[in-house]
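I have placed the structure first, in the form of structure tokens, so that the comments after it can refer back to it.
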Number of protein chains: 2
Amino acid sequence: MSRSAGNGAESGSGGGSVGGVGATQGARDDRGRSLTGSLAHRVPDLGAMELLLAVARLGSLGGAARELGITQPAASSRIRSMERQLGVALVDRSPRGSRLTDAGALVTDWARRIVEAAEAFDAGAQALRDRRDSRLRVAASMTIAEYLLPGWLVALRAQLPDTAVSLLAGNSAAVAERLLADDADLGFVEGVSVPTGLDSAVIGHDRLIVVTAPGHPWARRRHPLAAAELAATPLILREEGSGTRQVLDAALGGLARPLIELSSTTAVKAAAVGGAGPSVLSELAVGEELTTRRLVRVPVADVVLARDLRAVWPTGHRPTGPARRLLSLTRA
Amino acid sequence: MSRSAGNGAESGSGGGSVGGVGATQGARDDRGRSLTGSLAHRVPDLGAMELLLAVARLGSLGGAARELGITQPAASSRIRSMERQLGVALVDRSPRGSRLTDAGALVTDWARRIVEAAEAFDAGAQALRDRRDSRLRVAASMTIAEYLLPGWLVALRAQLPDTAVSLLAGNSAAVAERLLADDADLGFVEGVSVPTGLDSAVIGHDRLIVVTAPGHPWARRRHPLAAAELAATPLILREEGSGTRQVLDAALGGLARPLIELSSTTAVKAAAVGGAGPSVLSELAVGEELTTRRLVRVPVADVVLARDLRAVWPTGHRPTGPARRLLSLTRA
DNA sequence: TGAGGGCATAAGCTGGGGTTATGAGCAGGA
DNA sequence: TCCTGCTCATAACCCCAGCTTATGCCCTCA
């Protein structure tokens, strides 16, 4: 393949489809995944994505290579193999630098999503690893640890790159225990009551919302759902004793009727998306599903399904230093 | 290392820190990234994440291996090397199966985020690749292609696994052109006006919102911002001619004053997060930043910064088949 | 007590991604 | 005009991560 063969211009608008490739393997499983090679075989790896982002930012393969600490030929071949894998020209190589194709710009944006999720993963994993011998020890309840903390940690790391943050996840009681035993500097809990011995600040709200698949009759309701109606309808729920279940029971007066009981938020989401019925979930857990309309929010009239998200610390020990900084990142 | 050495119990709540590892390399760059090895070296690859999810779901290494089409030793060693890399015990291996550690459960949830982003990437890439010779040809404007379409495609693929979807991204005019030339079956545009020759249905709204870094004075305002105040303040903006800029100018009467002009949404976000000043951005673009409070939304009083998101098709040619199905996934 | 499912260990192969070394297109200044 | 410096490409070689097959131990259950 000679210098600027084939791709080059790729005109003003669309997805550049590079020739050949021919891999239109029709075999798919029941979820539409190709059977030959799972995701990892069809999606470039993180290194390639980082490289692509660097190329996009710097406008040069060699520059990107330098930034990532590899050589220019390595970068070039990596990008090329990514293009081969995707069957789409991503960068327009010229002797004066490399610019993204239109398709490349789109792919880069999607790649950025993945890299951001990976950064959150990394920040969380780092915190998990930093257990002892660390400077800022955070204890958090599951929902917060799952959905919010990784993002905060990414932000915190931008401000305090040298602070090792350690994370410990558990229920409210465990968080309180750790704080009081001075095993943690700052805690995060969700729920109405604050464990005794702790001071707290509200940092946000976790609303439970009623959701259904778009096909469900409730998705087309024009008027909000009444509490009684909600209480009378069997719902896809977390198991009894779970945090969200407690809040729901309290709001309805202990009446929530389970259609199915599942032991993880993910399983509940999957069931709801699959159309098994309406469910009640934390809005933190279903943001993505709502924007892509895999789930639809059903407005509710006379029930308050909100619980506070709070930062907590031992009474008297106002957060200072890194803890204070983290707190300020989270606060409304 | 013998059978159940070391990790095992790890009691009821937290992040299990496996011994050793010792890789607390202090060297970090200005963003807190470790210099030795970029993200890709600190984060397990997609294959490992998929494997972990499978183990979580099936409760067995061998079962997960079977599902992914690899052998049991391969799965075992892969998980083990992931644990070594993260410095945390993830699964509790027993002769009767494998369950996740508490830390493992957390890590699995974070991993799921990455895998979901990768699925969206894959769906988009597949559509980009399927240019010609496909059954459903979609043309979409950039914002929609970037933030919404991948999710819809994932959902559509669940319903119609065998339909090849092709995607073409461009501005409104390009979308219209493709539809009228019968180069596309369904289009998506944002903006107030519908190109002539096309019918449309509103499928959502893209609100532009005013955001700042949490440290900015506006972040602590108690009262909404007046339009005049917004118009009088220099803002971080996309370049003149961009879609969001047009809407903003229209809403303010052509008065928006740029503090900095940048040519990509990502660059604008980065500047705003960095505290360079207030900005106006699509709410689709800043969802993540808002929930993690890297950016804060500033309420605005008397300006309507909404534009419709519309599905469009050639007048008369009501969407049918897969196009209709996709439309129903997006519709309110 | 055997059958079967679970996991571990060991030895060997393969290929993707890295490296060095070299050359060629294009711009801008002496 | 030619040199210098940036860009990218190609070629030959190397290494190790991750896979495989083969085998064995642990535990449970009929």
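Residue numbering restarts at 1 for every chain, and letters A, B, ... go by the order of the sequence lines. The figures here come from the full heavy-atom set of this structure, side chains too, leaving out hydrogens, waters and symmetry mates.
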- S81(B) side-chain proximity, nearest of dG18(D), dT20(D), dC26(C): dG18(D)
- May I ask you to evaluate whether S76(A) reaches the phosphate of dA9(D), defined as a side-chain N or O under 4.0 Å from OP1 or OP2? yes
- Do you know the tightest heavy-atom contact between M49(B) and A111(B)? SD-CB, 3.5 Å
- Rounded interatomic separation in angstrom, taking CG from L46(A) and C1' from dG17(C): 15 Å
- Interatomic distance where CG belongs to L61(B) and P belongs to dC26(D) [whole Å]: 18 Å
- Is any side-chain N of the basic residue among K269(B) and E289(B) closer than 4.0 Å to the acidic one's carboxylate O? yes
- Looking at E261(B) and R245(B), does any basic side-chain N land under 4.0 Å from a carboxylate oxygen? yes
- Polar side chain donor-acceptor pair, S76(B) to R93(B), under 3.5 angstrom: yes
- Take the protein atom CD1 of I79(A) and the nucleotide atom P of dT10(D), then report the distance between them rounded to whole Å. 15 Å
- Message: Looking at D92(B) and R99(B), is any side-chain nitrogen of the basic one under 4.0 Å from a carboxylate oxygen of the acidic one?
- Response: no
- Would you tell me if any nitrogen or oxygen in the side chain of R66(A) comes within less than 4.0 Å of OP1 or OP2 on dT7(D)? yes
- Query: Rounding to a whole Å, what distance do you find between R80(B):CZ and dA17(D):C1'?
  - Reply: 16 Å
- Spacing of Q72(A) atom CD relative to dT22(C) atom P, expressed in whole Å: 15 Å
- Task: Round to a whole Å and report the spacing from CG of D92(B) to C1' of dC7(C).
- Result: 13 Å
- Query: So, are R113(B) and E288(A) salt-bridged, with charged N and O less than 4.0 Å apart?
  - Reply: no
- Going through the distances and angles, do R78(A) and D45(A) end up as a salt bridge (Lys or Arg N to Asp or Glu O under 4.0 Å)? CA-CA 10 Å; R78(A) 199 109 196 247; D45(A) 62 41; 2.6 Å; yes
Would you tabulate the nitrogen or oxygen pairs shorter than 3.5 Å linking the protein to nucleotides 1-4 of chain D?
none

- Side-chain touch L168(A)/D183(A), heavy atoms, less than 4.5 angstrom: no
- For R84(B) and dC16(D), what is the distance between atoms CZ and C1' respectively, to the nearest whole Å? 13 Å
- What does R99(B) touch in the nucleic acid at a heavy-atom separation under 4.0 angstrom: a base, only the sugar-phosphate, or nothing? nothing
- Where the side chain of I70(A) is defined as all heavy atoms beyond and including C-beta, which of dT19(C), dG6(C), dC7(C) is the nearest nucleotide? dT19(C)
- What is the distance, rounded to the nearest whole Å, between atom CZ of R78(A) and atom C1' of dG16(C)? 9 Å
- Message: Less than 4.0 angstrom between a side-chain N/O of T71(B) and OP1 or OP2 of dT20(D), yes or no?
- Response: yes
- Start at the 5' end of DNA chain C and walk down; is the nucleotide closest to S77(A) or to G62(B) reached first? G62(B)
- Item | Counterpart residues, ring pair (Phe, Tyr, Trp, His ring centres under 6.0 Å), relative to W110(B) (two or more places apart) | none
Would you tabulate the nitrogen or oxygen pairs shorter than 3.5 Å linking the protein to nucleotides 27-30 of chain C?
none

- Give S60(B) one of three labels, base, sugar-phosphate or nothing, depending on what nucleic acid heavy atoms sit under 4.0 Å from its own. sugar-phosphate
- Just to confirm, is there a sub-4.0 Å distance from OP1 or OP2 of dC26(C) to any side-chain nitrogen or oxygen of S94(A)? no
- Message: The side chain of P73(A) is closest to which nucleotide in this list: dA9(D), dC27(D), dT20(D)?
- Response: dA9(D)
- Query: Between S60(A) and G63(A), is there a donor-acceptor pair closer than 3.5 Å when you use the side chain of the first and the backbone of the second?
  - Reply: yes
